[in-house]
2 protein chains.
Amino acid sequence: MNSFFEQNASLLLENPELANVFENIMSFEKFPKHAILHEAGKICNNMYIITSGIARVFYYKEDKDITCHFAAEQETITSIDSFIQQKKSKYNIETLEDVEVLKISHSDLQNVFESNPKYERFGRLFLQQIYMDLVERIDDLQLHSAQERYETLFAKKPYLFQRVASKHIASFLSITPETLSRIRGNTK
Amino acid sequence: MNSFFEQNASLLLENPELANVFENIMSFEKFPKHAILHEAGKICNNMYIITSGIARVFYYKEDKDITCHFAAEQETITSIDSFIQQKKSKYNIETLEDVEVLKISHSDLQNVFESNPKYERFGRLFLQQIYMDLVERIDDLQLHSAQERYETLFAKKPYLFQRVASKHIASFLSITPETLSRIRGNTK
DNA sequence: AATTATTCTTGACATTTATCAAGAAATAAG
DNA sequence: CTTATTTCTTGATAAATGTCAAGAATAATT
């Protein structure tokens, strides 16, 4: 599975020129805990920048619920396969806390790109950034043990371990909840 | 580790407008088998489109040689971390056969982007494409067994199993050569 | 607050994959 | 073509992680 706009949204929000453009196409929304922001099988038209709370991307692999991305404050989340290619998604997006987001639609974003090609640059830079995150995640999965993957995630996103159910962290790390529980036991 | 411009280069080569621009900045080169196209520790200034032969990206993790990308005809290869960020690379690139490439330098590519922002679009689309490849690779690593990863790779790139040393395929699949050998034995 | 449902932990055991070792096969070098 | 080197295969064994089950802890519902 995969990560999804693993990156924080600073590239999009902290550029003064872009911020103006984006202000016009972003809308503010609130969702309660356990809300579904996107459902598998549909085309995902939106990308969200989370300003408060946590959400996850997940899907079902033979009945098992697999989390492939978490996003917290200042991070972006979308069903990336679907958003990029505008085709049906295999992923769901669900809030894990009450969540506040800035929403950007695919069509508005395309309009920005088409209005002036200079904005393509930010699209490219943003993709470069999230691409490097994926490279890191593959590195992690390709050659680290369950214990090491746990430690890496804990170092990067310690808050997940206090705010998110263990079973989701386990599937994200590609281990069983039992193994995660034992690893956490060891490390104390 | 990671994949690297996993994608074939058709996006860059089959667009008539781009083809013209690229023709001016691409140079043809030949390398013998086992040539080093890029060395870890240096900044990678070039991206290669392979027109003949196979090459791999690899690095050393505690003395172990880990392959993280293969590229054959019509595919691109570079030390992506370094090429994107123009910083020292942890990756090496090595030919596994006699190889012919089209070479594009980072600075020439940047000049194209800056000459007219409309070219940024292709950079963005190219990144989208290779991003989706990474998503697939993570999916594969996150929840498939050694046997399943073998089958996936065999389905996607069967020619690797005839042209590339098993040990490289094993490290790419994140298994030992012994396990790969046993899997291959089973499947016959 | 009490009850119910879900999630987490822990143990016993099974399975997968890794490690080590040695010979066979393939490749490279003389 | 012969020899040396590297890689591949196979077996025995060990380590890591998964599965199943049951009770404890936590969270959700009434």
Side-chain angles (χ1 to χ4, degrees), chain A residues 1 31-36 53-54 56 58 60-67 70 94-99 140-154 160-188, chain B residues 1 31-36 53-54 56 58 60-67 70 94-99 140-154 160-188:
Chain A
M1 241 312 20
F31 296 95
K33 188 171 184 174
H34 291 140
I36 299 294
I54 295 194
R56 71 179 181 119
F58 71 101
Y60 294 99
K61 151 94 176 175
E62 291 150 21
D63 288 10
K64 275 173 299 187
D65 168 326
I66 312 283
T67 295
F70 293 109
E94 173 194 46
T95 60
L96 299 174
E97 299 175 345
D98 292 351
V99 157
D140 198 38
L141 287 171
Q142 188 177 357
L143 39 69
H144 295 285
S145 66
Q147 173 93 39
E148 290 170 319
R149 297 199 300 277
Y150 166 83
E151 285 163 8
T152 302
L153 185 62
F154 193 87
L160 286 181
F161 294 81
Q162 305 187 313
R163 296 167 65 183
V164 164
S166 279
K167 60 176 182 169
H168 297 144
I169 294 176
S171 75
F172 180 77
L173 289 174
S174 200
I175 56 181
T176 59
E178 292 92 333
T179 296
L180 178 56
S181 176
R182 290 184 177 105
I183 288 174
R184 297 181 78 158
N186 291 342
T187 325
K188 275 166 197 163
Chain B
M1 238 315 23
F31 297 95
K33 188 172 185 173
H34 291 140
I36 299 294
I54 294 195
R56 70 178 181 122
F58 71 103
Y60 294 99
K61 149 97 177 174
E62 291 150 19
D63 287 13
K64 275 173 298 188
D65 168 327
I66 313 284
T67 295
F70 293 109
E94 173 194 46
T95 60
L96 299 174
E97 298 175 344
D98 292 351
V99 157
D140 198 38
L141 288 171
Q142 188 176 358
L143 38 70
H144 293 87
S145 66
Q147 172 93 40
E148 290 170 318
R149 298 199 300 278
Y150 166 83
E151 285 163 8
T152 303
L153 184 63
F154 193 87
L160 287 181
F161 295 79
Q162 306 187 312
R163 296 167 66 182
V164 164
S166 279
K167 60 177 182 168
H168 296 145
I169 293 175
S171 74
F172 180 76
L173 290 174
S174 198
I175 56 182
T176 58
E178 291 92 333
T179 296
L180 178 56
S181 175
R182 290 185 176 104
I183 289 174
R184 297 182 77 159
N186 292 341
T187 325
K188 273 166 200 162

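Quick note on labels: first sequence line is chain A, next is B, and so on, each numbered from 1.
- Annotation for A:Glu97 and A:Gly53: closest pair OE1-CA, 3.2 Å, computed over non-hydrogen atoms.
- The nearest whole Å value for the distance from the CZ atom in A:Arg149 to the P atom in D:dA16 is 13 Å.
- The distance between atom CZ of A:Arg163 and atom P of C:dT7, rounded to the nearest whole Å, is 19 Å.
- Rounded to an integer number of Å, the gap from B:Gln147 CD to C:dT17 C1' is 12 Å.
- Within 4.0 Å of A:Ile175, counting heavy atoms only, lie sugar-phosphate atoms of the nucleic acid but no base atom.
- One finds the NE2 atom of A:His168 at 13.0 Å from the CG atom of A:Leu173 (value rounded to the nearest 0.5 Å).
- In this structure, the CG atom of A:Leu143 is 16 Å from the P atom of D:dA16, given to the nearest Å.
- The distance between atom NZ of A:Lys64 and atom P of D:dT17, rounded to the nearest whole Å, is 16 Å.
- Using a 4.0 Å cut-off, no side-chain N or O of A:Thr176 falls inside it from OP1 or OP2 of D:dT17.
- Partners of A:Phe31 under the ring-ring contact (aromatic ring centres under 6.0 Å, His included) rule, at least two apart in sequence or in another chain, do not exist in this structure.
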* Asked: What string of B, S and - do you get for nucleotides 20-30 of chain C, 5' to 3', when a contact is any protein heavy atom under 4.0 Å?
  -> BB------S--
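- At its two ends the helix from C:dA1-D:dT30 to C:dG30-D:dC1 runs along axes set 60° apart, each axis drawn from five pairs and the angle rounded to 10°.
- To the nearest 0.5 Å, atom CD of residue B:Glu151 and atom CD1 of residue B:Ile183 are 8.5 Å apart.
- Within the structure, a side-chain polar atom (N or O) of A:Ser166 is placed less than 4.0 Å from OP1 or OP2 of C:dC8.
- The distance from atom CD1 of A:Ile183 to atom C1' of D:dA16 is 10 Å, rounded to the nearest whole Å.
- Atom NZ of B:Lys167 is separated from atom P of D:dT5 by 16 Å (rounded to the nearest Å).
- Here the rule is side-chain contact (heavy atoms from CB on, under 4.5 Å) with A:Leu141, and of B:Leu141, B:Asp140, B:Leu143 only B:Leu141 fits it.
- Counting to the nearest Å, the P atom of C:dT9 and the CZ atom of A:Phe161 are 12 Å from each other.
- In this structure, A:Val164 and B:Ser174 both approach DNA chain C, and ranking their closest nucleotides by distance from the 5' end singles out A:Val164.
- Going from atom CD of A:Gln142 over to atom CD1 of B:Ile175 covers 11.0 Å, rounded to the nearest 0.5 Å.
- Residues A:Val99 and A:Ile54 approach most closely at CG2-O, 3.4 Å, considering heavy atoms.
- Comparing B:Ala146 and A:Ala165 against DNA chain C, the residue whose closest nucleotide sits nearer the 5' end is A:Ala165.
- Closest approach of A:Arg149 to A:Ser174, counting heavy atoms only: NH2-O, 3.4 Å.
- Contact between the side-chain N/O atoms of B:Thr179 and the OP1/OP2 oxygens of C:dT17 is not found at any separation under 4.0 Å.
- Note on ring orientation: taking the six-membered ring where Trp is involved, the planes of B:Phe172 and B:Phe70 are tilted (angle from 30° to 60°).
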